[in-house]
Amino acid sequence: AQRVTQPEKLLSVFKGAPVELKCNYSYSGSPELFWYVQYSRQRLQLLLRHISRESIKGFTADLNKGETSFHLKKPFAQEEDSAMYYCALKGGTSGSRLTFGEGTQLTVNP
Amino acid sequence: EPEVTQTPSHQVTQMGQEVILRCVPISNHLYFYWYRQILGQKVEFLVSFYNNEISEKSEIFDDQFSVERPDGSNFTLKIRSTKLEDSAMYFCASSVGQGGGYGYTFGSGTRLTVV
């Protein structure tokens with residue numbers, strides 16, 4: 001079985017502060033990990049995927065297989081980063097389904 | 001940027017009625033999906049569809065659900081006899097491929113309210 005845990009439902013930081021949104025997963029094989037973002041009343045948008053090791057809007061995420069984590073980080077948060085962030089996993093043997101975490105609502109205060 | 005389009009954005013239906021949720025995936029995508037999110041809960045996988053057939057479905061996707069790609073552009077989710085617990089946001093998604101880290105493009109969702 002595959003599972004994604006985002007321990008923080010709410011996270012509040014001040015503009016310019018570093019931010020880290022935690023994601024832990026449970027999966028026995030080699031997972032594919034993603035971060036999706038949902039701005040207020042908009043659609044889920046792909047933010048990052050671990051396989052491409054990219055940085056989008058200043059966010060990065062590194063897959064740590066030892067700790068089974070895929071935390072999302074940004075060194076200097078901006079007010080426009082306020083949104084709901086979902087970590088998601090796709091397992092190689094489970095076909096195409098994405099398993100989502102519960103989501104973390106990030107609020108960046110001025 | 002290409003988008004996945006879903007209609008309607010909000011649908012209210014009476015318990016026991018049939019509803020059809022519609023989606024237009026991105027034109028060169030080959031894989032199609034439905035997810036749902038009950039208010040306050042996580043986004044849950046319902047079904048994936050490829051090559052005109054269901055490739056995978058979850059435990060939620062029981063006999064009252066069905067999917068169809070009737071005309072090569074639309075992708076529909078039908079709920080035959082709605083229950084109160086079917087009230088949720090339903091998201092359609094599509095992707096070019098299945099492996100290799102492909103992300104999915106999601107639509108903006110249909111909010112289904114069963115009364």
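Below, all heavy atoms of this structure are taken into account, side chains as well, without hydrogens, waters or symmetry copies. So that the names make sense, note that chain A is the first sequence line, chain B the second, and so on, each numbered from 1.
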At a heavy-atom distance under 4.5 Å, which candidate from Leu46(B), Val4(B), Val47(B) has the highest pair count against chain A?
Val4(B)
Does any heavy atom of chain B fall under 4.5 Å from the side chain of Gln42(A), the backbone, both, or neither of them?
neither
Indicate yes or no: does Lys57(A) engage Glu80(A) in a salt bridge with an N to O separation below 4.0 Å.
no
Heavy-atom distances under 4.5 Å only: say whether Gln41(B) touches chain A with side chain, backbone, both or neither.
neither
Centroid separation Tyr104(B) to Phe91(B) less than 6.0 Å
no
Using non-hydrogen atoms and a 4.5 Å limit, figure out which bit of Gln38(A) sits close to chain B: side chain, backbone, both or neither.
side chain
Identify all side-chain donor-acceptor contacts of residues 105-115 of chain B below 3.5 Å with residues at least two apart in sequence or on another chain.
unit_1    : atom_1 : unit_2   : atom_2 : d
Thr110(B) : OG1    : Pro8(B)  : O      : 2.5
Thr113(B) : OG1    : His10(B) : NE2    : 3.1

Applying the ring-ring contact (aromatic ring centres under 6.0 Å, His included) criterion to Tyr35(B), which one of Phe61(B), Phe45(B), Tyr90(B) satisfies it?
Phe45(B)
